[in-house]
**Q** 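Pasting in a structure now, in structure tokens, and then I'll have a few things to ask.
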Amino acid sequence: IWVYQRVLERYPNNGRILRAWGKFQEWVLHNPAKAARAYNEAVKQGMGDNLLNLTSANDQSELAESGATISDQKVDDKTDGVIIIDATGSMLLINKAAYRMFGYAKGELEGKNVSMMMPQPFSSRHNAYMNNYLVTGAPKILNTHRHVVALRKVSG
């Protein structure tokens, strides 16, 4: 632990180190909340592309030349709505189709808990479902294919 802390003191804005610290928090220390904070900071520092592992090395070099970000490009290519969350339910990445589907503008959902898009009683239970999965590793609701009801943004 002290090695990570010393390195992070010296390089607090290094996305790769933040990502590694997040993995250590999640896999070794079993602390999903601290891992989520590290992952979110890594995404802010430009490491979201590798963190989400959405593309190959060849795609990365091609997109770097075009100026597009890998995570935006690969996820926005999907015609279905895609929302990627972390271990605490915070939305990390939302594609254009999901923004259109739910009536939000780009940037409005990142960092917010995905349960805000669920009607009751699902929204109040979602964090408990996720916590149960993280603690036990046994999916009851999570990791299953289901049709769900979601809330659109109220306009006007």
**Q** To the nearest 0.5 angstrom, please state how far the CZ atom of Arg6 sits from the OH atom of Tyr11.
**A**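 It comes to 12.5 Å.
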
**Q** Could you grab the distance from atom CD1 of Ile94 to atom CE of Met117, nearest 0.5 Å is fine?
**A**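 So the CD1 of Ile94 and the CE of Met117 are separated by 8.0 Å.
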
**Q** When you compare the side chain of Glu110 with that of Met91, does any pair of heavy atoms fall below 4.5 Å?
**A**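 SC-SC contact between Met91 and Glu110 ruled out.
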
**Q** Please give me the minimum heavy-atom distance between Tyr99 and Gly107, naming the atom from each residue.
**A**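 Smallest interatomic distance, heavy atoms only, reads OH-N, 2.9 Å.
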
**Q** Taking all atoms of both residues into account, what is the closest heavy-atom pair of Ser123 and Ser115, and its distance?
**A**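 Where Ser123 meets Ser115 most closely, the heavy atoms are CB-O, 3.2 Å.
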
**Q** Measuring from atom CG of Leu93 to atom CG of Leu109, what distance do you get when rounded to the nearest 0.5 angstrom?
**A**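 CG of Leu109 is found 11.0 Å from CG of Leu93.
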
**Q** Using a 3.5 Å distance criterion without hydrogens, assess whether the side chain of Asn113 forms a donor-acceptor pair with backbone atoms of Thr88.
**A**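 Yes; at least one donor-acceptor contact below 3.5 Å.
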
**Q** What's the shortest heavy-atom distance between Ala35 and Gly22, and which atoms?
**A**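 The answer is CB-O, 3.3 Å.
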
**Q** After noting the C-alpha distance and the side-chain angles of His126 and Val114, does the key distance pass the side chain to side chain contact (heavy atoms under 4.5 Å, CB included) rule?
**A** CA-CA 9 Å; His126 190 258; Val114 71; 3.5 Å; yes

**Q** Would you give the length of the straight line joining atom CG of Leu18 to atom CD of Glu41, rounded to the nearest 0.5 angstrom?
**A**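 Spacing of CG (Leu18) from CD (Glu41) equals 6.0 Å.
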
**Q** Quick check on side chain to side chain donor-acceptor pair (under 3.5 Å): which of Gln25, Glu26, Lys23 does Tyr39 satisfy it with?
**A**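 Single pass found, and it is Glu26.
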
**Q** What is the distance from atom CZ of Phe102 to atom CD of Glu108, rounded to the nearest 0.5 Å?
**A**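 Those atoms lie 13.5 Å apart.
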
**Q** Met130 versus Ile85: any side-chain heavy-atom pair under 4.5 Å?
**A**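 Side chain of Met130 against side chain of Ile85, heavy atoms only: contact under 4.5 Å found.
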
**Q** Do Phe122 and Val148 touch side chain to side chain, with heavy atoms closer than 4.5 Å?
**A**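 Contact flag for Phe122/Val148 side chains = no.
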
**Q** Would you say Leu151 and Met101 are hydrophobically clustered, going by side-chain heavy atoms of ILVMFWY under 4.5 Å?
**A**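 No.
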
**Q** Rounded to the nearest 0.5 Å, what separation is found between the CZ atom of Arg152 and the CZ atom of Arg100?
**A**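 Arg152 CZ to Arg100 CZ: 11.5 Å, rounded to 0.5 Å.
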
